[in-house]
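We name chains A, B, ... by the order of the sequence lines, and we start the count at 1 in each one.
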Amino acid sequence: DSGVTQTPKHLITATGQRVTLRCSPRSGDLSVYWYQQSLDQGLQFLIQYYNGEERAKGNILERFSAQQFPDLHSELNLSSLELGDSALYFCASSVISSGPEQYFGPGTRLTVT
Amino acid sequence: GIQVEQSPPDLILQEGANSTLRCNFSDSVNNLQWFHQNPWGQLINLFYIPSGTKQNGRLSATTVATERYSLLYISSSQTTDSGVYFCAVISSGSARQLTFGSGTQLTVLP
């Protein structure tokens with residue numbers, strides 16, 4: 001158990017819908033990262049927050065957004081969902097902004113039908 | 001951006017055999033991690049090893065940062081070692097995110 005929690009574990013929804021994925025980092029970790037794992041793109045970085053502020057952006061679509069709250073949990077919002085958004089979404093956390101070691105949550109498996 | 005290449009892409013072993021997985025990266029790094037993704041999809045941290053050698057039970061890893069590669073050794077493999085092994089790096093400089101290789105799919109047969 002990495003200490004990073006993610007809810008829900010599984011999510012099935014229809015195209016065009018909006019969903020929210022939630023992540024709680026390890027106790028004491030200030031930095032939260034979101035990654036997407038899809039069959040065709042592999043594991044890709046989406047976005048990072050550090051102590052409530054956005055720090056880095058990767059290949060995140062405009063339909064996706066995230067935030068980190070004062071209690072340091074983070075939410076990833078996915079809207080106008082398409083079939084291609086079906087993937088495993090991971091949250092990771094680390095103590096400081098640039099690492100060193102990132103710990104991953106169990107992931108949320110999103111299926112868009 | 002930094003490129004991460006893993007080899008071999010697939011590996012099939014008999015239980016009890018040893019194996020070596022390789023990770024090459026194209027630029028200097030200040031973070032390198034090895035992960036095991038189990039059949040349930042969970043990413044398990046194996047090693048944080050930007051340089052040097054570490055051992056944990058039957059697993060060990062070595063990173064030669066000056067030559068831009070890392071090796072993961074699995075000895076006396078067990079069926080529970082099956083899954084995908086990923087190498088991921090953070091390049092030196094301002095990057096903060098992990099860049100993952102495409103993984104090595106390991107199957108250990110009983």
Shared hydrophobic cluster, A:Y103 / B:L43 (ILVMFWY, side-chain heavy atoms < 4.5 Å): no
Are A:F104 and B:L98 close enough, and set up right, to give a side chain to side chain contact (heavy atoms under 4.5 Å, CB included), and what steps lead you there? CA-CA 12 Å; A:F104 281 71; B:L98 286 168; 3.9 Å; yes
Taking all atoms of both residues into account, what is the closest heavy-atom pair of A:R109 and B:G41, and its distance? NH2-CA, 4.5 Å
same_hphob_cluster(A:V32, A:I47) at 4.5 Å side-chain heavy-atom cutoff: yes
Shared ILVMFWY cluster between A:L88 and A:L61, side chains joined below 4.5 angstrom? no
Contacts with chain B made by residues 38-46 of chain A (heavy-atom distance under 4.5 Å), listed by residue number: A:L43, A:F45
Quick test of your reading: applying salt bridge (Lys or Arg N to Asp or Glu O under 4.0 Å), list the pairs with at least one residue in residues 76-86 of chain B, sequence neighbours left out, ordered by first then second residue. B:R58-B:D81
Where is the tightest heavy-atom contact between B:R96 and A:R55, given as atom of each residue plus distance? NH1-O, 4.0 Å
For the ring-ring contact (aromatic ring centres under 6.0 Å, His included) test, which of B:F35, B:F100, B:F86 pairs with A:Y35? B:F100
Distance-only polar pair, side chains of A:Q37 and B:Q37, donor-acceptor under 3.5 Å: yes
side-chain hydrogen bond (donor to acceptor under 3.5 Å, both in side chains) partners of B:R22, counting only residues at least two apart: B:N24
Close side-chain approach of A:Q102 and B:I90, heavy atoms under 4.5 Å: yes
Find the distance between CD1 (B:I44) and CG (A:D1) and round it off to the nearest 0.5 Å. 9.0 Å
Can you tell me if B:N45 and A:E101 form a side-chain donor-acceptor pair at under 3.5 Å? yes
Linking I/L/V/M/F/W/Y whenever their side-chain heavy atoms sit closer than 4.5 Å, directly or via other members, would A:W34 and A:L72 fall into one cluster? no
For atom CD of B:E5, is the number of surrounding heavy atoms from other residues, nucleotides or ligands below 6.0 Å larger than 12? no
As an exercise, state the distance from CZ of A:F90 to CD of B:Q42, rounded to the nearest 0.5 Å. 8.5 Å
Cluster partners of B:F25, using ILVMFWY side-chain heavy atoms under 4.5 angstrom, listed by chain and number? B:I2, B:V4, B:L11, B:L13, B:L21, B:V29, B:L32, B:W34, B:L46, B:F47, B:I49, B:L59, B:L72, B:I74, B:Y85, B:V89, B:L106, B:V108
